[in-house]
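Written below as structure tokens is the structure these notes are about.
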Amino acid sequence: MYMRMVITTGAKSTRKGANGEREVMAILRDHGYPVERGGTQSFGQRPDLYGLDGVHLEIKRSERAKIWEWMQQSQKDAQRFGDGVPTVIFRRSRSKWLICMDLSDFLTFYQAAEMKHKG
């Protein structure tokens with residue numbers, strides 16, 4: 001009986017994570033960004049979401065934020081995939097999506113946007 005509960009909890013967590021990836025993918029696509037899911041079947045061969053040039057996306061749906069652990073995973077995976085700035089997008093139930101990245105990376109993005117805006 002205990003094993004069954006562990007499997008159910010793991011399956012629920014996996015499903016929650018996959019749904020979170022789909023949610024973020026839909027939001028990014030609605031804004032014109034052609035991202036795709038790596039998918040749970042990729043077994044770590046692709047990032048959670050890919051196709052946003054220069055940004056490595058790690059998507060998390062959890063009631064408890066483990067931001068240091070998640071950023072460490074994003075940094076490691078960004079280096080492994082070579083796909084860009086380590087970024088974590090996360091939320092808990094009934095909350096808005098939040099984003100976490102190194103301040104220096106945020107400043108680089110902000111300065112680039114500022115230059116584009118100034119023309």
Side-chain angles (χ1 to χ4, degrees):
M1 182 174 243
Y2 179 74
M3 287 295 281
R4 183 196 224 173
M5 203 165 165
V6 171
I7 292 169
T8 302
T9 302
K12 182 178 179 182
S13 177
T14 299
R15 191 170 45 252
K16 189 175 184 179
N19 288 341
E21 291 169 9
R22 287 185 193 96
E23 284 180 47
V24 173
M25 182 178 69
I27 292 166
L28 292 173
R29 284 181 171 180
D30 285 348
H31 285 82
Y33 300 105
V35 297
E36 298 290 334
R37 274 188 72 230
T40 52
Q41 300 303 314
S42 71
F43 301 104
Q45 297 303 310
R46 291 192 172 161
D48 290 351
L49 294 180
Y50 62 95
L52 192 60
D53 290 340
V55 181
H56 173 82
L57 297 173
E58 188 66 42
I59 313 301
K60 298 294 183 183
R61 276 277 281 115
S62 178
E63 299 310 304
R64 293 182 180 214
K66 300 177 185 173
I67 199 63
W68 300 110
E69 180 181 319
W70 297 341
M71 275 303 291
Q72 186 175 28
Q73 178 185 353
S74 188
Q75 290 163 343
K76 182 177 132 192
D77 288 351
Q79 186 174 13
R80 184 173 73 140
F81 292 114
D83 58 347
V85 173
T87 306
V88 178
I89 299 176
F90 64 102
R91 81 173 182 91
R92 62 183 177 196
S93 298
R94 297 173 296 284
S95 295
K96 293 180 180 181
W97 285 101
L98 301 174
I99 190 166
C100 180
M101 65 173 43
D102 288 347
L103 178 58
S104 61
D105 294 329
F106 168 78
L107 290 171
T108 299
F109 279 110
Y110 188 80
Q111 289 166 349
E114 204 173 41
M115 294 299 283
K116 184 178 178 182
H117 181 70
K118 289 181 181 178

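All heavy atoms count here, side chains included; hydrogens, waters and symmetry mates do not. On a predicted model such as this, the values are computed, not experimentally measured, just so you know.
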Discussion item. Within the structure provided, determine whether Trp97 and Arg61 are in side-chain contact (heavy-atom separation under 4.5 Å).
Written reply: yes
Worksheet item: Got a sec, which pairs hit salt bridge (Lys or Arg N to Asp or Glu O under 4.0 Å) with one end in residues 108-119, sequence neighbours left out?
Response: none
Worksheet item: Is there any salt bridge (Lys or Arg N to Asp or Glu O under 4.0 Å) pair reaching into residues 87-99, and which pairs are they, with sequence neighbours excluded?
Response: Glu23-Arg91
Response to the item:
Between Met101 and Pro86 the two heavy atoms that sit nearest each other are CB-O, 3.8 Å
Discussion item. Using 0.5 Å steps for rounding, measure from the CG atom of Leu28 to the CD1 atom of Ile89.
Written reply: 5.5 Å
Worksheet entry | Side chain Thr87, main chain Leu57, donor-acceptor under 3.5 Å | no
Practice prompt. Could you tell me whether the side chain of Lys60 reaches within less than 4.5 Å of the side chain of Gln73, counting heavy atoms only?
Written response: yes
Discussion item. Taking Leu98 as the starting point, is it possible to reach Val24 by hopping between hydrophobic residues whose side chains are less than 4.5 Å apart?
Written reply: no
Fill in: Euclidean distance, Phe106 CZ relative to Leu103 CG, rounded to 0.5 Å
7.5 Å
Worksheet item: Is any side-chain heavy atom of Met25 less than 4.5 Å from a side-chain heavy atom of Arg29?
Response: yes
Item to complete: Report yes or no: do Tyr33 and Phe109 belong to one cluster of Ile/Leu/Val/Met/Phe/Trp/Tyr joined by side chain heavy-atom distances under 4.5 Å?
Response: yes
Worksheet item: Considering only heavy atoms from C-beta outward, does the side chain of Met71 approach that of Asp102 to under 4.5 Å?
Response: yes
Worksheet item: Considering residues, nucleotides and ligands other than Asp53, do more than 12 of their heavy atoms fall under 6.0 Å from its CG?
Response: no
Worksheet entry | 4.5 Å side-chain heavy-atom contact, Lys16 and Ser93 | yes
Discussion item. Has Glu21 got a side-chain atom pairing as donor or acceptor with Leu49's backbone, closer than 3.5 angstrom?
Written reply: no
Worksheet entry | Shared hydrophobic cluster, Val88 / Ile27 (ILVMFWY, side-chain heavy atoms < 4.5 Å) | no
Item to complete: Could you pull out the closest heavy-atom pair between Glu58 and Trp70, with the gap in Å?
Response: CG-O, 4.4 Å
Fill in: Which residues share a side chain to side chain contact (heavy atoms under 4.5 Å, CB included) with Asn19, sequence neighbours left out
Arg15, Arg22
Response to the item:
All heavy atoms of Pro47 vs all of His56, minimum pair found to be CB-CE1, 3.6 Å
Practice prompt. Give a yes or no on whether Ile99 and Leu107 share a hydrophobic cluster (residues Ile, Leu, Val, Met, Phe, Trp, Tyr; joining criterion: side-chain heavy atoms under 4.5 Å apart).
Written response: yes
Worksheet item: Shortest non-hydrogen contact from Ala78 to Gly84?
Response: CB-O, 3.3 Å
Worksheet item: Say you draw a straight line from CH2 of Trp68 to SG of Cys100; how long is it, rounded to the nearest 0.5 Å?
Response: 7.0 Å
Discussion item. Checking the side chain of Asp48 only, and the main-chain atoms of Ile59 only, is there a donor and an acceptor separated by less than 3.5 Å?
Written reply: yes
